[in-house]
Peer 1: 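My questions will all concern the structure given below.
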Amino acid sequence: MTTQKDLDMVHLRLILVSGKTQDFTFSPNDSATDIAKHVFDNWPAGWEEETVSSPSILRLIFQGRFLHGNVTLGALKLPPGRTTVMHLVARETLPEPNSHGQRNREKTTESNCCLLL
């Protein structure tokens, strides 16, 4: 029997670079850091070759963006009771958050102009 609590939970299907997947269930209040620690502590049996040394290097990628440690699943407005796919990678550092996506678009001496004759 499905309870209201089950319907309020967020189901994640995590995909490794190798293509291996595993489903997990979390509360909307869980953060990216909480998820990394839970996955590290409950490392799936089929993922032995991808074992990491610390939960602090596990990073989640959702819709092409790295999730920073304190962002919660609820803040992402993920649909409760449904499965959402995220990528899980081992990476020491994260790129700095940038709301405008302009990080690598600062002025350079190069020109992107083309002259057609």
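Predicted model, so just to flag it, every value in this text is computed and none were measured.
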Peer 1: Within the 4.5 Å heavy-atom criterion, are F24 and I35 side-chain neighbours or not?
Peer 2: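 With C-beta onward as the side chain, the pair stays apart.
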
Peer 1: Are the side chains of D23 and R13 in touch, meaning some heavy atoms are under 4.5 Å apart?
Peer 2: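 The answer is yes; the side chains approach within 4.5 Å.
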
Peer 1: Rounded to the nearest 0.5 Å, how far does OG1 of T33 lie from CG of L67?
Peer 2: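 One finds 10.0 Å between CG of L67 and OG1 of T33.
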
Peer 1: How far does CZ of F40 sit from CG of L88, to the nearest 0.5 angstrom?
Peer 2: 12.0 Å

Peer 1: Does some side-chain heavy atom of L73 sit less than 4.5 Å from a side-chain heavy atom of M86?
Peer 2: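 The answer is yes, as the side chains (C-beta and beyond) meet within the 4.5 Å cut-off.
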
Peer 1: May I ask you to test the T25-V10 pair for a side-chain heavy-atom distance under 4.5 Å?
Peer 2: no

Peer 1: Which value, rounded to the nearest 0.5 Å, describes the distance between L14 atom CG and T21 atom OG1?
Peer 2: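 L14 CG to T21 OG1: 9.0 Å, rounded to 0.5 Å.
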
Peer 1: Search all heavy atoms of P55 against all heavy atoms of A36 and return the closest pair with its distance.
Peer 2: O-CB, 3.7 Å

Peer 1: What I'd like to find out is whether the side chain of V17 reaches to under 4.5 Å of the side chain of H87, using heavy atoms alone.
Peer 2: no

Peer 1: Do W43 side-chain atoms and W47 backbone N/O form a donor-acceptor pair below 3.5 Å?
Peer 2: yes

Peer 1: side-chain hydrogen bond (donor to acceptor under 3.5 Å, both in side chains) between E50 and S18: does it pass, once the steps are laid out?
Peer 2: CA-CA 8 Å; E50 289 85 359; S18 65; 2.9 Å; yes

Peer 1: So, for A90 and V52, which heavy atoms are closest and what is the spacing to 0.1 Å?
Peer 2: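 Looking at all heavy atoms of both residues, the shortest contact is CB-CG1, 3.7 Å.
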
Peer 1: Looking at CZ of R91 and OG of S56, how far apart are the two atoms once the value is rounded to the nearest 0.5 Å?
Peer 2: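 Rounded to the nearest 0.5 Å, the CZ-OG separation comes out at 14.0 Å.
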
Peer 1: Does T84 have any side chain to side chain donor-acceptor pair (under 3.5 Å) partners at least two apart in sequence or in another chain, and if so, which?
Peer 2: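 Applying side chain to side chain donor-acceptor pair (under 3.5 Å) to T84 gives none.
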
Peer 1: Tell me the closest heavy-atom pair linking V85 and F62, and the distance in Å.
Peer 2: O-CD1, 3.9 Å

Peer 1: Using only atom types and a distance under 3.5 Å, with no angle test, would you say the side chain of K20 pairs donor to acceptor with the backbone of I15?
Peer 2: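 Judged by distance alone, no pair lies under 3.5 Å.
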
Peer 1: ring-ring contact (aromatic ring centres under 6.0 Å, His included) with F26: which residues, sequence neighbours excluded?
Peer 2: H38

Peer 1: Within the structure provided, determine whether T72 and D30 are in side-chain contact (heavy-atom separation under 4.5 Å).
Peer 2: no

Peer 1: Sequence neighbours left out, what passes side chain to side chain donor-acceptor pair (under 3.5 Å) with N70? Give chain and number order.
Peer 2: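 Scan of N70 (side chain to side chain donor-acceptor pair (under 3.5 Å), adjacent residues dropped) gives none.
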
